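One structure is given below, encoded as structure tokens.
Only a predicted model underlies this, so the values are computations on that prediction, with no experimental measurement involved. Only heavy atoms go into these numbers, but all of them, side chains included; no hydrogens, no water, no symmetry mates.
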Amino acid sequence: MTPGNAGGVLPGDGAARRARILVVDDDPMARELVRDALVAAGHEVVEAEHAQRARALLSSQHVDLAVVDVLLPAESGLELCAWVRRHHDAVLPLLVLTGLDDEETLDEALEAGASDVLTKPVEPGLLRQRVAVALAAGRTLRALAASERSLAEAERIAEHGSFELDPVQGRLALSASLREALGLDPKSRVLRWDEALQHVHEEDRALLRRAHEPLAHGTAASVLDLRFRLAAAGDGLRWVEERAHVVRDAPGAPRVRGVLRDVTAQHRQDSRGAFLASHDAVTGLLNRSGLLSRLEPLLSDPAQQSVAVVVVALQQLDDLESRLGAERLDQLLREVARTLRQRRWFAGTSCRPTLVARVAPASFAVVHSGDLCAEQAMVCTRGLVGVLGAPLSVGSHEVRVQLRAGLAIHPEDGSAPGALLRAAETAAHKAEAASGHARRYAPSLASEEAQRLALERDLRGALSDDELQVHFEPQVDARGVVVAVEGLARWPHPSHGWIPPLRFVAAAEDAGLIAELGRRVLALGIAQIAAWRSEGLDLRLAVNVSPHELQEPRFVGSVAQELRRHDLDGSALEIELTEGAILEEGWLVAANLRGLAELGVTLALDDFGTGYSSLSRLAALPFSTLKIDRSFVAGLDRPELRAVVRSSVALARVLGLRSVAEGVETRDQARLLLDEGCDLLQGYLIRPASPASELAPRLRERQPLP
């Protein structure tokens, strides 16, 4: 073991403290991003591309902190963490990076010994902040370990004092050190039992009476081990521990002989640990475990006429973090907690907010008790949505959050605490705008939730077993020649047949699988384009990329790797982005867009006109293609929508972009689009998305358009 002296830069820390940090990741680009962020904070960085190299560095060099990616070749990052904890250093700060943010991954990381878990991609400022906190915690843990060793030694030799109690006579003999600690006259060696109890905290006197007074009748235990509060001289209440045993010097004459030790510091540590075990560190509210333990006696109390649990789930927490930063996001969460604590929101109703908790990173729970019916509870639930839907103050900013709320009532929706909370969470997950973003639990929701979870489970299996396919929808020019194809994911479920794309894409987003799904489409699509080009078909592949993929530090590297694997240059690929993907352009989005441009990959703005793009943003970003949304194409017979299409095509021409209309289903639509000067068409009229084998004949023919 080679324990290190942790260092770092903390707010208010004064001078910067340099630390040596080990970064373990098999992706060079990811290591570079982490290294640059840490070097900018003044730290020294050493790197390892796999666990074996990391163990060698840890065994041979002094390291203050390690940043470890979960996915490593041969041996995972979690296995490396477990090795560090068992065989190297029990308190070395370990920051684990993972692309998954589900509770199972978090639990596995913490069980393996992680000090903190960060979801990739990590914003540099957040990484530096978490590193600083982890380094400070590492110093504290090392100091605490040394302190605990010293405390253990002190407790053996520095007892508060000794005593002897005669329970029959009610007389207590005290040692000189104990008399001094209590501020007694050094000459008054003996006290009456009732007089001695006056020095004990009033809430603990009954405990001592129950333990000692039965000795006068020979009915107490022979060994006593108690902890109580004692009024010590000068410094107020102290927690003391009594260790004593009963002796009988003569028949019928018991004596209690023992020692008292000051355990105030230990008690404070124990109390702090118990608090953190049941409370959320950011908001100070109860955590999930703390809520369930408090909810259990509330549900079993016959005096409670009704108990309702409302779960409020904040939406798009990752997007909020990227916009606000980690520190401001914590301020926002604390503001939500403060708002939920305010009982004035429920004035004039029968709702009484008995408990408030943060039960998940993006979810809060409010427990109402009292004489309230289901209708009143729903009124309170919608009231919470309204209150939290108003702008919340975060420093000098006002932030409006999107949220959904679910209601569950005891005992109809769940008799046990865990079941009741899960019912409210299920209802929140299913709440929609049409219902005011609030919903009461119903048994049918459990079935829907089970189906959703089953779909997510099957989708994971489909991705790992290569069940997903890519079909291709051709894009043709005015001559009817196919110049490009759009690659679209399709899922032939082994039991349920073809799953609609909208359904499994939504499941992928909910399950955090959208990036993996995107990588699968990209890999299969590029492989097929390479095969077609080898046959003399000079086609371009267009694939849609989600906002989550654009926030991945490995994204550009994975695109480059797939192109190199098939000996293709970037011009063979066009990345389609929705307006929402670039609406909040952060540092990583900008870096990925630059990286794609450097590869020669072209960019298309998808679903143009349905989002929030401004002309300045469109002109500033390196787009090559503007795609006209199918909703405008479907309404070409309406003058106002044809005017939108005409303007979009003209805008593309002015900006030097090619225009592509999607969703073309009729010859009239195709004729009108070509009349307006649209460059490329795609849709059912041309050919619906098809497997490569079925599409091949169409790629070699020219199909005249009207």
Side-chain angles (χ1 to χ4, degrees), residues 455 458-476 482-494 496-509 511 513-535 537-546 548-550 552 555 558-568 570-578 581 596 599 601-604 606-607 625 627 630 660 662-663 680 682-684 686-700:
L455 185 66
D458 291 350
L459 181 57
R460 292 181 190 278
L463 287 168
S464 63
D465 297 339
D466 291 337
E467 290 179 6
L468 274 92
Q469 301 177 7
V470 173
H471 289 189
F472 299 91
E473 184 173 329
Q475 297 177 354
V476 300
V482 179
V483 297
V485 292
E486 181 176 358
L488 300 166
R490 294 295 184 262
W491 182 14
H493 192 284
H496 306 299
W498 293 96
I499 305 296
L502 287 177
R503 186 180 174 201
F504 71 77
V505 169
E509 290 176 340
L513 299 172
I514 193 66
E516 187 176 351
L517 176 62
R519 287 191 293 270
R520 175 68 176 163
V521 172
L522 184 71
L524 291 176
I526 288 178
Q528 185 58 56
I529 285 292
W532 278 328
R533 287 198 168 193
S534 69
E535 299 172 8
L537 295 169
D538 187 17
L539 299 175
R540 182 178 62 255
L541 171 70
V543 293
N544 196 278
V545 168
S546 72
H548 297 283
E549 293 174 87
L550 209 57
E552 282 205 336
F555 176 64
S558 65
V559 172
Q561 183 179 14
E562 290 298 333
L563 290 171
R564 285 195 302 268
R565 178 177 292 142
H566 298 284
D567 197 24
L568 295 175
S571 63
L573 178 65
E574 184 166 81
I575 297 294
E576 296 186 357
L577 306 171
T578 62
L596 291 171
L599 289 176
V601 175
T602 58
L603 301 179
D606 198 11
D607 301 337
T625 301
K627 296 196 71 175
R630 64 182 64 247
V660 180
E662 57 185 357
L680 301 177
Q682 70 179 94
Y684 272 66
I686 314 304
R687 187 180 182 93
S690 310
S693 59
E694 297 179 12
L695 184 61
R698 174 67 179 90
L699 300 178
R700 292 178 173 83

Give the table of side-chain donor-acceptor pairs shorter than 3.5 Å for residues 516-524, with sequence neighbours excluded, one pair per line with atom names and distance.
{"from": "Arg519", "atom 1": "NH1", "to": "Glu552", "atom 2": "OE1", "distance (Å)": "3.2"}
{"from": "Arg520", "atom 1": "NH1", "to": "Asp466", "atom 2": "OD1", "distance (Å)": "3.2"}
{"from": "Arg520", "atom 1": "NH2", "to": "Leu468", "atom 2": "O", "distance (Å)": "3.4"}

*Which pair of non-hydrogen atoms, one from Pro501 and one from Ala489, has the smallest distance, and what is that distance?*
CG-O, 4.2 Å
*Please examine the side chains of Leu573 and Leu599, heavy atoms only from C-beta on, and report whether any two atoms are closer than 4.5 Å.*
no
*Identify the heavy atoms of Val470 and Gly487 that sit nearest to each other, and give their distance.*
CG1-CA, 3.8 Å
*Pair Asp458-Phe504, side chain to side chain contact (heavy atoms under 4.5 Å, CB included): steps then yes or no*: CA-CA 10 Å; Asp458 291 350; Phe504 71 77; over 6 Å; no
*List the atom of Glu473, the atom of Leu488, and the distance in Å for their closest heavy-atom pair.*
OE1-CD1, 3.7 Å
_Tell me if a side-chain donor or acceptor on Glu549 pairs with a main-chain N or O of Ser546 at a distance below 3.5 Å._
yes
*Taking C-beta and beyond as the side chain, do Leu695 and Trp532 meet within less than 4.5 Å on heavy atoms?*
yes
*asked:* As an exercise, state the distance from OG1 of Thr602 to CG of Leu596, rounded to the nearest 0.5 Å.
replied: 9.5 Å
*Run the numbers on Leu459 and Ile499 for side chain to side chain contact (heavy atoms under 4.5 Å, CB included), then give the verdict.*
CA-CA 10 Å; Leu459 181 57; Ile499 305 296; over 6 Å; no
*Search all heavy atoms of Ala462 against all heavy atoms of Trp491 and return the closest pair with its distance.*
CB-NE1, 3.5 Å
*Any side-chain heavy-atom pair from Val485 and Gln475 closer than 4.5 angstrom?*
no
*asked:* Using the salt bridge (charged side-chain N to carboxylate O under 4.0 Å, His left out) criterion, which residues pair with Arg503? Sequence neighbours excluded.
replied: none
*With rounding to the nearest 0.5 Å, note down the distance linking CZ in Phe472 to CG in Leu699.*
10.0 Å
*Distance in Å, Trp498 CH2 paired with Gln469 CD, rounded so as to fall on 0.5 Å steps*: 4.0 Å
*Roughly how far, to the nearest 0.5 Å, is the CD atom of Gln561 from the NE2 atom of His566?*
10.0 Å
_One pair to check against side chain to side chain contact (heavy atoms under 4.5 Å, CB included): Arg698 and Ile686. What are the steps and the verdict?_
CA-CA 10 Å; Arg698 174 67 179 90; Ile686 314 304; 4.1 Å; yes
*If every non-hydrogen atom of Glu467 is compared with every non-hydrogen atom of Pro494, which pair is closest and at what distance?*
OE1-CD, 3.7 Å
*Of all heavy-atom pairs between Leu539 and Ala484, which one has the smallest distance, and what is that distance?*
CD2-N, 4.3 Å
*Taking the side chain as every heavy atom from C-beta outward, state whether Ser690 and His471 have any pair of such atoms under 4.5 Å apart.*
no
*Any chance you could measure Leu537, atom CG, to Gln528, atom CD, to the nearest 0.5 Å?*
10.0 Å
*Would a 4.5 Å heavy-atom cut-off, applied to side chains only, mark Val476 and Val483 as touching?*
no
*Could you go through the side chain to side chain contact (heavy atoms under 4.5 Å, CB included) check for Leu603 and Thr625 one step at a time?*
CA-CA 6 Å; Leu603 301 179; Thr625 301; over 6 Å; no
_Are the side chains of Val482 and Arg687 in contact, using a 4.5 Å heavy-atom criterion?_
no
*salt bridge (charged side-chain N to carboxylate O under 4.0 Å, His left out) partners for Glu576, two or more places apart*: Lys627
*Is any side-chain heavy atom of Glu662 closer than 4.5 Å to a side-chain heavy atom of Asp606?*
yes
*Greater than 12 external heavy atoms within 6.0 Å of Asp465's CG*: yes
